[in-house]
Amino acid sequence: MLLLYVLQLGGYSNQRRSNPYPPTGDLGFLQNCQGRSPGDPCINLMFTPNVEPYTTFVKSMIELNKERSKNTNSTNWLIEDPLSDTNFLPSRALGAVPVPSADFIYDYTLKHRNVTKWGIVFNKTETPASAPGGASTNFQYQVWFNGSQSGNGTDYFGRQALTLVTLLDSAIISYTNDPSGTKYVRVNPRMQDWPRLPPDQIADTVVQNLGTVFFFCATMVIFINVVNQIVNEKELKLRAGMEMMGLIPSAYWISHFLSNSVIIFVSSLISCLLGLAFQFSVFKQSSFAVPFITFFLFGEAMVMFAFFITTLVRSARVGVLISIFLFIIGLVFEGFVFSNTQFAYIWWDSGTDRAGWLCFMFFPPFNFGKMFTDLNVLTTGKLDQLTSTYIAGAGFPWSALYDPVPDSQLPVYGSGNPPDVPPPIQSWYFLIMNCAFFGILTWYLDAVVPTEYGSVYPPWFFLTPNYWGLSRRRTGAKDGEAEWLEEILAEKVKSFTGDDEEEEDDVAHERKRALDPNYVPAVKIVNLRKAYGSGNKSKIALRSLALTFHEGKCLAVVGQNGAGKTSAINILCGLTPATGGDALMYGLSVKHDMSRIRKLMGVCPQHDILFDDLTAREHITLYARLKGVPIEQLPALIEARLKAVRLWKVADQRAGAFSGGMKRRLSMVISTIGDPKVIFMDEPTTGMDPVNRRKVWQFIEKFKANRVIVLTTHAMEEAEVLGDQIAIMAAGRMRAIGNPIALKSKYGAGYRMSLLTDPARLEEAKTAVATVAPEAELEDDAAGALIYRLPPDAAETGVVPRFIKWLDSTEGSSVIKSWGISQTSLEEVFLRLLRDGGLDVFKKVREQQLKNANADAASTQVSVPIPPEGVLAQFRALCYSHHSS
């Protein structure tokens, strides 16, 4: 606005220029001709007919011009040889060239443009002596000239043309006085412009011509920022994280719309107030509400246009490039089409196809440009091309919205009639239509365009009752669960290589429980499958996973990279659609009821779902409001959670300044907000130091009461400490499941005994061990140190108790100075199971397994009340986060 005001002051200064006493001056002489470029050959003058006295006229004119130029060589024209060939091109600058006829002049100049400067056609009429006034001779001539060389915009009938006329008149008068052509009559008129005075009323010419450009740029700054912010949240997976925590998509979009509407409201208000302060006619002579509503509606339409663009791109860089491209297109559009009424209103002329403005009405800058042009015409007025003065506008009261622009203010085109321009209110209607049109496109494309995880609704999603919350599924009931199981088992899914692979007994038992319709745990997963890609290039991530989770228990899922852990978590969180199978969480289907499940779920994904500009306190507030936590509970909740993970001292620092471990702690705490019944933690302690890791373990251990916690990890120590059960995955399948002790016993290499004896009695010690524990296998023997390995069932068969009893006896202590016993670590179990996919281990273990006589415990159905829709609370929370950012 300030730049526009400075430019307008320059415009005012230009309009106020005056010259009450313009100077007088001579006409001067005829300049030499010039071709298309300076120095090109050309012809100064063509004349016809080539007879007396016309040749004398031309010679006298040349001499008089030479005299005026004070014998300058450039005006030393000659009478050239006659020219009759229209294909002739001069090789130098020619003077006066006689030609056959006027038609020749026309044909030659038409064929060779910018070659000939002047053309003269002479004629003579004789009056007989019997006529009134007696005999007389009238000489006539017609002057042709090259007007295209008046590149400075001067009048065609300017000084050069008048100079030629005065020279010819002087030559003709000289000839009539002295036919010999030796005495010249000199006609030398002097020229003086009219006095130039400033106009009584100056106009906002700069605002009228460039106002649309400046006000368009102000709105486009908001437009580019909206695109960058939303796409950046998508790229950083912040929106996906918030949706996993229960964010409703409509709440997300409406929050962005409301927060940006406030910015547009303030921007529009400031623009109008500055316009009034700078005394621009478009603001001063119109109702204040008219430009304000125009700016506001245009801003809202561009925000919705930005929303539409964000549904089609995933990269913030691409989004900004598209925004800048649209900015340039709009800038050119506003700068050229709506810089004056001649171009602005041509769309409604009878000679212009209506398809033009019918298409452009879906482009918000077009509707804004038309409305602002109407404002300019009715307030600033229009320029009268004949007098170069402005005709003041009548003003723009509110009532003028419904009246067409007066014909007197409209330009006239080839049809001879003013265009049929619609009333200004139509532009407002179109801007409102733009908001609705791009809003509907945003809602639809946001649902059907696949995310980076592949999650997408079908194109007809709005026709399904489930989308509108009208589903009548009874999954939670036993009969409904049986129907649900039948539906999953009846799925026709392409089989994966390795699907028929034999499973370990505990895994098979877990599958059997998952497929039992009478067994209703908190979470049940049945035949969950996931394949990325299609055909021979498909990547198998999950192979018929079947599993159950129980309240008050923590399941630790371990596996190497690519084992399928994160894919399973993403499916259960609703980020990625499953290729086959389904899961029930408290009676709700992951495939059909994810929006309801998310109210019961907390997620700590692999990536930190944090806003760099928000503090730890603001993050807790945001996600607590998304979960519907009452405001009065927030202070205590924030303090308790942040103290639990040692972040209370940095509660008011921006998350962008946190270290990686601090961000993970904050992300983990966020997953516990809102009293979720199911919590998924994907590698929650990555990047933490040992002290803070143990603090987090303590927090998770306390928090799992009456909840289901599923965590993935690469740290075997973490899995052993936190996991009530540990599931080991490899190649998309669950290879083993059980508590840490059971896994060590079943898949471990047994026990390891370390003995230290006197090197002199080494053979005696070996003999004694072989007698007491013949099952012991010597692994190492060095300098009196013996390491024995005992079989995995050594404890059950009594080998370990017998061995230890002997070591503590007098006989044993006399031979063995010190000893130690250890069981196979969980990490060793993990490595053994991953070797060759665990098949060789299963075969060995199967031979040693005891029959499992434990019957399945009867289970009762678990139900959890679903909290009511917290849409309003989510709006407030998101608007708060946008404001804080």
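For this chain, numbers begin at 1 and follow the sequence in order.
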Worksheet item: Which pair of non-hydrogen atoms, one from Cys604 and one from Ser671, has the smallest distance, and what is that distance?
Response: N-CB, 3.6 Å
Fill in: Ionic contact status for Asp675 with Lys627, cut-off 4.0 Å
no
Worksheet, complete the sentence: Rounded to the nearest 0.5 angstrom, the CD1-SG distance for Ile726 and Cys554 is 9.5 Å
Worksheet item: Looking at Glu233 and Tyr252, what are the two nearest heavy atoms and their distance?
Response: OE1-OH, 2.5 Å
Discussion item. Counting C-beta onward and ignoring hydrogens, is there a side-chain heavy-atom pair between His714 and Val558 closer than 4.5 Å?
Written reply: no
Discussion item. Within a 6.0 Å radius of atom NZ on Lys553, are there more than 12 heavy atoms belonging to other residues, nucleotides or ligands?
Written reply: no
Fill in: Short side-chain to backbone donor-acceptor contact, Glu504 and Val507, under 3.5 Å
yes
Fill in: Six-ring centre of Phe703, Arg707 cation under 6.0 angstrom, axis tolerance 45°
yes
Worksheet entry | Close side-chain approach of Pro459 and Tyr444, heavy atoms under 4.5 Å | yes
Practice prompt. Quick one: pull up CZ in Arg641 and OG1 in Thr672 and give me the separation to the nearest 0.5 Å.
Written response: 4.0 Å
Worksheet item: With a 4.5 Å limit on heavy-atom distance, are the side chains of Met734 and Glu510 in contact?
Response: yes
Practice prompt. Go through Lys237 and Glu243 one step at a time and tell me if the salt bridge (Lys or Arg N to Asp or Glu O under 4.0 Å) criterion holds.
Written response: CA-CA 10 Å; Lys237 304 175 183 176; Glu243 287 184 346; over 6 Å; no
Worksheet item: Between Arg239 and Asp446, is there a salt bridge with N-O shorter than 4.0 Å?
Response: yes
Item to complete: For side chain to side chain donor-acceptor pair (under 3.5 Å), just list the numbers for Tyr532 and Ser567, CA-CA rounded to whole Å, side-chain angles, deciding distance to a tenth of an Å, and then say yes or no.
Response: CA-CA 10 Å; Tyr532 295 98; Ser567 294; 3.3 Å; yes
Fill in: Check: Ile709 and Phe549 side chains under 4.5 Å, non-hydrogen atoms
no
Item to complete: Step by step, work out the side chain to side chain contact (heavy atoms under 4.5 Å, CB included) result for Asn739 and Asp724.
Response: CA-CA 6 Å; Asn739 60 59; Asp724 297 290; over 6 Å; no
Practice prompt. With rounding to the nearest 0.5 Å, note down the distance linking CG in Asn570 to CZ in Phe680.
Written response: 10.5 Å
Response to the item:
Heavy atoms of Leu485 and Ala514 approach each other most closely as CD2-O, 4.0 Å
Worksheet entry | From Arg664, Lys663, Arg665, residue fulfilling salt bridge (Lys or Arg N to Asp or Glu O under 4.0 Å) relative to Asp608 | Arg664
Discussion item. One pair to check against side chain to side chain contact (heavy atoms under 4.5 Å, CB included): Leu542 and Ile540. What are the steps and the verdict?
Written reply: CA-CA 6 Å; Leu542 279 178; Ile540 311 304; over 6 Å; no
Discussion item. So does Trp697 get a backbone contact from the side chain of Arg693, meaning a donor-acceptor N/O pair under 3.5 Å?
Written reply: no
Practice prompt. Please test Leu575 against Ile569 for side chain to side chain contact (heavy atoms under 4.5 Å, CB included), starting from the C-alpha separation and ending with a verdict.
Written response: CA-CA 9 Å; Leu575 284 181; Ile569 295 292; over 6 Å; no
Practice prompt. Write down the atom of Arg598, the atom of Cys573, and the distance for their closest heavy-atom approach.
Written response: NH2-O, 3.2 Å
Worksheet item: Are side-chain heavy atoms of Arg735 and Met729 found at a separation under 4.5 Å?
Response: no
Practice prompt. Would you check if the side chain of Asp582 reaches a backbone N or O of Lys591 as a donor-acceptor pair within less than 3.5 Å?
Written response: yes
Item to complete: Taking all heavy atoms of Leu722 and all of Glu701, pick out the closest pair and write down the distance.
Response: CD2-OE1, 4.1 Å
Worksheet item: Nearest 0.5 Å, what's the CD-NZ distance between Gln606 and Lys565?
Response: 7.5 Å
Worksheet item: Under the 3.5 angstrom rule, does the side chain of Arg511 hit a backbone N or O of Ser544 as a donor-acceptor pair?
Response: yes
Discussion item. Determine whether a donor-acceptor pair (N or O, by modelled atom type, separation under 3.5 Å) exists between the side chain of Asp593 and the backbone of Arg596.
Written reply: no
Fill in: pair Val645-Met668: side-chain heavy atoms closer than 4.5 Å
yes
Worksheet item: Between Val590 and Met594, which heavy-atom pair has the shortest distance, and what is it?
Response: CG1-CE, 3.4 Å
Discussion item. Does any part of the side chain of Leu666, heavy atoms only, come nearer than 4.5 Å to the side chain of His619, both counted from C-beta?
Written reply: yes
Discussion item. Does Arg694 form a salt bridge (Lys or Arg N to Asp or Glu O under 4.0 Å) with Glu718? I'd like the steps, not just the answer.
Written reply: CA-CA 9 Å; Arg694 292 192 176 276; Glu718 181 173 78; over 6 Å; no
Discussion item. What verdict does the side chain to side chain donor-acceptor pair (under 3.5 Å) test give for Thr579 and Arg529, after you've listed the backbone C-alpha separation in whole Å, the side-chain angles of each residue and the deciding distance to 0.1 Å?
Written reply: CA-CA 5 Å; Thr579 305; Arg529 304 152 71 91; over 6 Å; no
Worksheet item: Is there a donor-acceptor contact under 3.5 Å from the side chain of Lys530 to the main chain of Lys539?
Response: no
Item to complete: Could you check Leu642 against Ile620 for side chain to side chain contact (heavy atoms under 4.5 Å, CB included), going step by step and ending with a plain yes or no?
Response: CA-CA 9 Å; Leu642 294 181; Ile620 301 296; 4.2 Å; yes
Worksheet item: When rounded to the nearest 0.5 angstrom, what distance separates OG1 in Thr621 from CG in Leu637?
Response: 8.5 Å
Item to complete: State the CD-OG1 distance between Glu683 and Thr713, to the nearest 0.5 angstrom.
Response: 6.5 Å
Fill in: Aromatic ring pairing Phe462/Trp443, orientation class (parallel under 30°, perpendicular over 60°, tilted between)
tilted
Fill in: Leu528 side chain near Leu572 side chain, heavy-atom distance below 4.5 Å
yes
Practice prompt. With Lys695 as the cation and Phe699 as the aromatic partner, state whether NZ or CZ is under 6.0 Å from the six-membered ring centre and within 45° of the axis.
Written response: no
